[in-house]
Amino acid sequence: MNALATPARRRTPPAATRGSRGGVLPWLAVPALLFFVAFGVIPLVGVLFLSFTSWDGLGEIQMSGFTSWRAVLADPGLLHALWVTLLVMAVSWAVQTPASILLGVFLAGRQRYRALLAVLYFIPLLLSSAAIAIAYKALLDPNFGLGAGLNIELLVQDWLGEPVLAFGVVIFVVSWQFIPFHSLIYQGGVRQIPRSMYEAAEIDGAGRVRKFFSITLPQLKYTIITSSTLMVVGSLTFFDLIFVLTAGGPGDATRVLALDMYKRGFQANLMGPASAIAVILVLVGLALALLLRRLGGRDAGASQMEGA
């Protein structure tokens, strides 16, 4: 009787076993930590150090204090490059986000042909940015490009010679290349939404548009935050595509910070100012990432189904 009345005790693992597990788990993070330190922290510290030096890339490195920082911050070209960078970031986000959401929702369907379309849409992301820039530069040539070959007068324009047109071309090419990646993110997010929510909305008489704005978009909140963070931070590193396509021109119409850093460092041999711009890029990216995380409210890594 006493044996029946006595509640069963949960069997606990021996202290030695618990200690061994607690000692092994932290060591599993060591390889990732070493890679992060070797390829993230150390280069960043090196760039920060170079921003306080005077170096032409070949000779002796000499400490110069805040000389490079004063030269960069006093140059009006920095503010222009920062403005162009933020403009590219904002416009590309405004173009890519709606298109990516719509494509992601479309590709989240269960029809077989949508899997084939998903593969076709993903192809631009597999191509080199430099190769894409070369192809579009040839296609948009006013004398030998697509417009001249097909005798389409609308396409026969100096696309890369006019500031507004060149900026529009950069936005178009960037969006064409990276929309597939973000569409894939939204496709996965849509497929995590319970089908029961849509069935309940259908019973209430909601149509496709109503379901999209009342169910799909709210449930994609954290997916949008994640995609926007990748999009915004990634736009700070646009270099190869713009360098090959416009080289920052015409004039300085498409001269972003990453291109400005390259021209100062590897064309003017001013590694100190170039390193200062690199540090500014890191700070801007960090600030924008934290801002987007703050706008997301709760932890953006939380499940989008939490609280549904």
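In the model, S51 has a side-chain atom that pairs as donor or acceptor with a side-chain atom of W69 under 3.5 Å.
Taking CD1 of I185 as the reference point, atom CD of Q187 lies at 11.0 Å (rounded to 0.5 Å). To the nearest 0.5 Å, the span separating OG1 on T237 from CG on L281 amounts to 9.0 Å. If you take CD1 on I215 and CD1 on I193, they are separated by 8.0 Å, rounding to the nearest 0.5 Å. Distance check: S275 OG to L270 CG gives 10.5 Å after rounding to the nearest 0.5 Å. With values rounded to the nearest 0.5 angstrom, I179 atom CD1 is found 13.5 Å from L184 atom CG. To the nearest 0.5 Å, atom CD of residue Q177 and atom CD of residue Q96 are 9.5 Å apart.
The nearest pair of heavy atoms linking S92 to M231 is O-SD, 4.2 Å. Annotation for S68 and S64: closest pair OG-OG, 4.1 Å, computed over non-hydrogen atoms. Closest approach of V244 and A130 over heavy atoms only: CG1-O, 4.0 Å. K211 and A201 get closest at one heavy-atom pair: CG-CB, 3.8 Å. Closest approach of S175 and P180 over heavy atoms only: O-CD, 4.5 Å. Here the shortest heavy-atom pairing between T229 and A289 reads CG2-CB, 4.2 Å.
Under a 4.0 Å N-O distance rule, the pair E202/R195 qualifies as a salt bridge.
Contact of the V88 side chain with the V174 side chain is not registered, since no non-hydrogen atoms from C-beta on lie closer than 4.5 Å. Counting heavy atoms from C-beta on, the side chains of V105 and Y186 never come closer than 4.5 Å. Contact annotation: the side chain of V190 approaches that of T216 to within less than 4.5 Å [non-hydrogen atoms, C-beta and beyond]. For the pair F212 and L102, the minimum side-chain heavy-atom distance is below 4.5 Å. The shortest distance between side-chain heavy atoms of L78 and I280 falls below 4.5 Å. Looking only at side-chain heavy atoms (C-beta outward), R255 and K263 come within less than 4.5 Å of each other. Contact check for R264 versus D75: side-chain heavy atoms found under the 4.5 Å cut-off. Counting heavy atoms from C-beta outward, I242 and V256 have side chains that approach closer than 4.5 Å.
Counting heavy-atom neighbours within 6.0 Å of F66 CZ, excluding the residue itself, gives a total of 12 or less. In the displayed structure, F213 atom CZ is contacted under 6.0 Å by at most 12 heavy atoms of other residues, nucleotides or ligands. No more than 12 heavy atoms of other residues, nucleotides or ligands lie within 6.0 Å of CZ in R210, so this atom counts as exposed by the packing criterion.
Of the possible polar contacts, none joining the D204 side chain to the A206 backbone as a donor-acceptor pair under 3.5 Å is found. T254 contributes a side-chain N or O that, together with a main-chain N or O of G248, makes up a donor-acceptor pair within less than 3.5 Å.
Using a 4.5 Å cut-off between side-chain heavy atoms of Ile, Leu, Val, Met, Phe, Trp and Tyr, with links allowed through other members, L48 and V282 fall into different hydrophobic clusters. L257 and L286 fall into different hydrophobic clusters, where Ile, Leu, Val, Met, Phe, Trp and Tyr residues are linked whenever their side-chain heavy atoms come under 4.5 Å apart, directly or through other members. I42 and I61 fall into different hydrophobic clusters, where Ile, Leu, Val, Met, Phe, Trp and Tyr side chains are chained together by heavy-atom contacts under 4.5 Å. In the hydrophobic cluster analysis, where Ile, Leu, Val, Met, Phe, Trp and Tyr join through side-chain heavy atoms closer than 4.5 angstrom, L127 is grouped together with L125. The hydrophobic cluster containing Y222 does not contain V233, counting ILVMFWY residues as joined when their side-chain heavy atoms lie under 4.5 angstrom apart, directly or transitively.
Here F266 pairs with Y262 under the ring-ring contact (aromatic ring centres under 6.0 Å, His included) rule; sequence neighbours left out.
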Distance-only check: which donor-acceptor pairs under 3.5 Å involve side-chain atoms of residues 148-170, not counting sequence neighbours?
unit_1, atom_1, unit_2, atom_2, d
Q157, NE2, L154, O, 2.7
D158, OD1, G161, N, 3.2
W159, NE1, L155, O, 2.8

Criterion side-chain hydrogen bond (donor to acceptor under 3.5 Å, both in side chains) on S228 and W93, from CA distance to verdict: CA-CA 7 Å; S228 298; W93 179 88; 2.9 Å; yes
Start with the C-alpha distance between L236 and M89, add both sets of side-chain angles, then the distance that settles side chain to side chain contact (heavy atoms under 4.5 Å, CB included), and finish with yes or no. CA-CA 7 Å; L236 294 174; M89 179 190 307; 3.4 Å; yes
Walk me through whether L117 and F106 qualify under side chain to side chain contact (heavy atoms under 4.5 Å, CB included). CA-CA 10 Å; L117 291 179; F106 172 73; 3.7 Å; yes
